[in-house]
Amino acid sequence: MNKIKYFLRAVVLSIRIKSPLSFIVSIAGFAAAFLPMLISLQLRSFTNYVQKLFDNPDTLNTVIFSFAVLAVMYIVQTVFSLVQSYFSTQDSSGIKLYIKEQMLSLLSSVPYKYIENHGDFRKKVDFVKTYAGEKTAGSVSLIFVWISGIISFISIAVILSAVNFWIVAILIVTCIPAVILANMQKDETYRWRTKWMKEGALTIHYSDMCRQNDPMKEIRFFGIYPYIKEKWRRLSKEYIAKKNKVSRKHVIYNSIADLLRNGVYLIVVIITAWEIYQNPAKGLGTFMLVITAAGQMQSITTTLLINAVGIFSDVKYMEDFFVLLETEKEEKSDDTGSFDDVTIEFENVNFAYPNSDFLALDGLNVKIKQGEKIAVVGANGSGKSTFVNLLCGLYTPQSGSAKINGVEIADNLSKARKSLSVIFQYFCQYQDTLRNNIAISDPSRAGKDDEILELARQTGADEIIKNQENSLEEMIGIFSDEGNNLSGGQWQKVAITRALFRKNARVYILDEPTAALDPIAEANIYRNFASLTGDKTTILISHRLGVTSIVDRILVFDKGKIAEDGNHAELIAKNGVYAKMYRAQAKWYE
């Protein structure tokens with residue numbers, strides 16, 4: 001029943017995607033399906049007229065007219081085939097666009113654990129984008145082709161049966177092995193596509209490394225191109241060897257099936273010759289009709305049976321597509337406003353990342369009130385970024401509670417996120433204008449030039465804007481016509497400006513906000529910190545303890561817990577984890 005359900009869903013989807021003109025062409029294909037039969041009958045008439053021409057020259061006009069009709073039929077068939085091909089290409093483009101839209105929508109709405117490949121999610125997405133989506137959305141086209149094939153099959157079977165029924169029977173029987181093999185190949189192809197998807201992606205990964213800026217720097221510097229090339233070559237050979245093994249088997253089996261189908265023509269010729277011998281009145285035209293129609297009959301029968309099997313075998317792809325679309329989604333709340341004030345409270349929060357038993361947060365307890373300036377510090381793997389991930393609602397606790405204003409973040413996700421603004425450690429570099437790179441956090445204010453420029457002045461991004469020929473309208477990034485990419489520090493200034501531009505946010509979360517900045521730029525950010533953050537709660541995550549001089553409170557993370565909580569003077573006096581970290585960094589500046 002599930003297969004029928006997914007098939008019907010695919011049909012409905014295909015109907016929605018097809019354009020009206022494409023539908024008209026598909027329906028017109030039902031009439032065009034009679035053309036193979038009509039061409040065979042006309043060829044018989046033309047051949048008979050030509051044969052009579054030798055005895056009766058007065059029939060020349062009839063021969064010419066018959067030839068003209070035959071030529072028109074061939075032209076109509078060719079033109080219609082081109083029209084079908086055109087609309088098929090149009091439909092294919094629409095299908096690909098639809099699949100990309102669905103995948104983008106899916107990736108932006110599933111819980112973040114799937115983005116990090118929970119349950120082989122990435123592999124499933126790649127499989128659907130490469131194979132399953134197009135087969136799903138193309139189901140109606142396949143059905144139209146199948147119905148047209150039935151019409152052609154019946155019409156040709158009728159005219160061949162009129163000559164001899166056994167011709168039809170033999171042609172059908174000899175197509176069966178090819179259909180069985182085609183079905184086996186489809187199943188095997190599906191298996192290797194799903195099984196070897198990872199190997200193929202890994203091969204592409206190593207070839208793409210030499211086309212990307214950052215990896216190419218390291219590849220050139222260390223001179224490791226021979227290693228990369230050898231790795232790519234080995235993976236490619238292994239992957240191609242697996243594919244070739246399957247392909248060789250398919251070629252051998254198909255060759256045997258083709259020999260059987262082509263060999264049957266000898267039998268068809270013998271039967272036709274016998275019929276003409278029995279009844280000479282049938283003439284040479286009957287022989288031409290049978291030879292022409294027999295080839296069409298074989299082709300149509302094979303395609304018809306393969307498509308019939310294919311419609312049902314492709315249900316596996318359809319199932320993969322729809323099951324993927326049914327992946328659980330983040331539960332967004334209807335309230336899309338923001339809080340006026342925000343109190344953050346984590347109570348006994350435990351969290352481990354998918355497929356890991358290690359607790360990234362282990363019984364975490366912390367409360368942050370509106371307006372507090374907080375520094376979150378600690379060693380790598382201490383839980384700092386995980387704390388941010390849960391606060392932003394990207395993950396939910398496995399136990400305990402993560403709340404804003406007494407309500408679980410996961411239960412009020414939209415409002416919680418509207419109340420926050422964040423710059424993640426690995427922030428986006430949008431290949432767009434400077435304006436859009438900043439205003440994308442609050443698009444409704446994209447035209448507020450004075451506010452953008454004033455904020456940029458405080459973050460240091462104004463120097464970037466001033467140096468651009470088109471100011472805020474300058475296209476930046478690797479796709480800029482001028483090759484106008486920014487340095488790491490410049491991108492970070494733009495990202496900080498973007499995070500602080502979100503007007504209704506009550507909490508700023510800045511994860512390693514100055515990691516790529518030079519000391520002077522970092523000092524300028526600290527100097528303007530009070531005016532930049534105002535009365536907003538600010539949480540700074542950093543390995544650099546210089547940030548602690550501008551905050552009210554320091555949270556020291558250690559092994560998923562808050563080991564220490566206090567201001568700089570208090571924690572130095574405590575002589576614990578923070579004091580040890582601070583002295584370790586301070587000695588490098590003595």
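Numbers here simply count residues along the sequence, with the first being 1.
- In this structure the side chain of Q102 reaches within 4.5 angstrom of the side chain of L325, judged on heavy atoms.
- Considering all non-hydrogen atoms of both residues, E469 and E474 come closest at N-OE1, 3.7 Å.
- Side-chain N or O atoms of E328 include none that pairs as donor or acceptor with a backbone N or O of E326 at under 3.5 Å.
- Side-chain atoms of I167 and N164, non-hydrogen and from C-beta on, do get closer than 4.5 Å to each other.
- Aromatic ring orientation, F23 versus F144: perpendicular (interplanar angle above 60°, classes split at 30° and 60°).
- Residues R44 and L41 form a side-chain contact, since some pair of their non-hydrogen atoms from C-beta on lies under 4.5 Å apart.
- No donor-acceptor pair closer than 3.5 Å links the side chain of D91 to the backbone N or O of K18.
- Donor-acceptor pairing under 3.5 Å is lacking for the side chains of Q296 and S152.
- With rounding to the nearest 0.5 Å, the separation of CG in D449 from OG in S471 is 7.5 Å.
- Between Y395 and Y112, the angle of the ring planes goes over 60°, which puts this pair in the perpendicular group of the 30/60° scheme.
- The backbone N or O of N437 sits nowhere less than 3.5 Å from a side-chain atom of D432 that would complete a donor-acceptor pair.
- Looking at heavy atoms from C-beta onward, L107 lies out of side-chain contact with Y114 at the 4.5 angstrom threshold.
- T327 is not listed as a side-chain neighbour of K124, based on a closest heavy-atom distance of 4.5 Å or more.
- No donor-acceptor distance shorter than 3.5 angstrom exists from the side chain of E473 to the backbone of N470, with no hydrogens or angles considered.
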Practice problem: Show your working on ring-ring contact (aromatic ring centres under 6.0 Å, His included) between Y49 and F65 and close with a plain yes or no. | Solution: CA-CA 10 Å; Y49 288 139; F65 177 77; 9.2 Å; no
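- No donor-acceptor distance shorter than 3.5 angstrom exists from the side chain of R502 to the backbone of A439, with no hydrogens or angles considered.
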